[in-house]
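Chain letters run A, B, ... following the sequence lines, proteins first and then strands; every chain starts at 1.
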Amino acid sequence: MSPISIVGVGETRYAKRLHRDLDSLALEAAEVAVRDAGLSTRDIDGIIAPGVDYAGVHELARNLGIDGRFFCAESMHGGAGVVSAPLVAQLAIDAGLATTVLCVQAIVWGTERSGNVGLPHAAMRMKATFEIPFGWYPQIVHFAGMARRHMELYGTTEEQLAAVAIACRKHAALCDNAVMRAPLSLDEYRRIPLIADPFRAADCCLVNDGAAAFIVTAAERAHDLAKPAVRVLSAAQGMVRGGEFSTLRPEYLCTAAIDSGPKAFAQAGVRPADIDFVQIYDNFTAMVIEQLEDLGFCAKGEGGPFVADGRIERGGALPVNTAGGQLAQAFVLSANLMVEAVRQLRGECGARQVANAKLGLVTGYTGAEHATVILGAA
Amino acid sequence: MDPRPLHVPDVEWEVARPFWEGCRQRELRMPRCVCGAYIWYPEPRCPTCRSDRITWVPVSGRATLFTWTTVYRTFVPGHSARVPYVTGIVELTEDAKLRLATFLVGVEGVKLALGLPLRVDFQRIENDVVLPVFRPA
């Protein structure tokens, strides 16, 4: 396939509650990304907007002034849908179906779901029958089960989970647009009540409102635009056995990064040791540890020690979630992680800039699906 | 919208009805294909041989502990009286792929560990709704 680049990024303000309509947030992030690229909204001829429904996509196109035909697609779901968007955009660009593809994700869970973020799971009949009546609900319980088994099998500790939360808070403190900017100490972490052992609120991603967007175009077109183009060196999708029900997965302690990760590294022709920073879909602290293992940054079971002692903090061996990730910046299903990766590779991140950042990796997933992209500085 | 509270399963759903019938008779039943393979969660066809000749057969109710969590804050109103509760995944001894999410009971003061032997017990939560739960064997 011909090479592609990310040429513009945009975000709304992130906050616990913005009391704004989903479509208007998506539009704002899209407009910021288009301006960032030095493009006009009318240049957009492709839209990938995971989680925006039929009417929302066409309203977005109408509001952007896309007058006539445009390409529209979505592959995978949730965070995997966002991070695999460059792959879909590349297919469309290669096939001549689009030239300039907007990828946008908006979320208003802060306003809509402050009570219970698990309702989509309750709508799945198999879960409603064989899981929820047994207290196996919502997501925090599913992932606490994985964390507990990881701790029992490999000796992963509470301090190592805390290290992920503490790193994200440190990074968010250096980011103007982050929901949770207060620092967190290990003592403070320990005093937070358990919700589902071993998880506390500090182990869980935020529930907030906001939107983020990025623009993908052919690498050969990217040179003429406003900002240094960030090269998409690879974009890969992955699937894990057992499907949506984590209880049934044969590789219970693996995400589908075991599938998307090796493909992404092979396509990009790089190894984990070459990567300068990663932005990992951090729905829970333990899942950062598991994905680092799945991606080959360390062996299975060694993720706990890997994240300890500041190794994933700015200035550490492998900075992770440099704007605070979804634990501290905002939960935008990895779209904020894509934006941050692009800004790091353009060298725009000021106090939180990773020195000499040339190669970055981003992940997104939901349930059985996972996507990994590797991005390179211009 | 289903008006049933979250903690109560639909015991009349045809896909799972034999499971709940078994529980009312204090018997744990699992779907098994004529080819011998257990199928879990229930599926209309056997993923191994594609047959649809699947029947629910009694199993021993013996299991081992696969993982667990103690839940201190529930999002299910019908579980608020149970908090804190221990829920987990158990592997039935008949076949390791038969993993059930379930309440773990009688575990106060028990040091939980992977592989802990367990046996099924039954808890009536409504007239016609009996849940299989697991306790140390």
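A salt bridge is defined here as a Lys NZ or Arg NE, NH1 or NH2 lying under 4.0 Å from an Asp or Glu carboxylate O, and A:D197 with A:R148 meets this definition. The residues B:R29 and B:E27 are annotated as salt-bridged, a charged nitrogen and a carboxylate oxygen being separated by less than 4.0 angstrom.
With a 4.5 angstrom heavy-atom cutoff, A:F245 touches chain B only via side-chain atoms. Heavy atoms of B:W40 lying under 4.5 Å from chain A belong to its backbone as well as its side chain. For a residue to count as touching a neighbouring chain, one of its non-hydrogen atoms must lie under 4.5 Å from one of that chain's; by this rule B:V76 touches chain A with the side chain only. Neither the backbone nor the side chain of B:T74 has a heavy atom closer than 4.5 Å to any heavy atom of chain A. Contact annotation for A:P193: neither backbone nor side-chain heavy atoms come within less than 4.5 Å of a heavy atom of chain B. Heavy atoms closer than 4.5 Å to chain A are found nowhere in B:P84, neither backbone nor side chain. Heavy-atom distances place both the backbone and the side chain of B:F66 under 4.5 Å from chain A.
Taking the ring centroids of B:F103 and B:H79, they lie under the 6.0 Å cut-off. Checked against a 6.0 Å centroid threshold, the rings of A:F284 and A:F199 count as neighbours.
Among the candidates A:A147, A:P133, A:A196, the residue making the largest number of heavy-atom pairs closer than 4.5 Å to chain B is A:P133. No other option in B:P42, B:A16, B:A96, B:A101 has as many heavy-atom pairs under 4.5 Å with chain A as B:A101. For the set A:I140, A:L153, A:V141, A:I132, the entry with the most heavy-atom pairs within less than 4.5 Å of chain B is A:I132.
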For this session: Carefully, step by step, assess B:Y72 and B:Y85 under the rule ring pair (Phe, Tyr, Trp, His ring centres under 6.0 Å).
Result: CA-CA 7 Å; B:Y72 296 89; B:Y85 66 79; 9.4 Å; no
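If you check the side chains of A:Y137 and B:T87, you find no donor sitting under 3.5 Å from an acceptor. Using modelled atom types, one finds no donor on one side chain facing an acceptor on the other under 3.5 Å when comparing A:T255 with A:E290.
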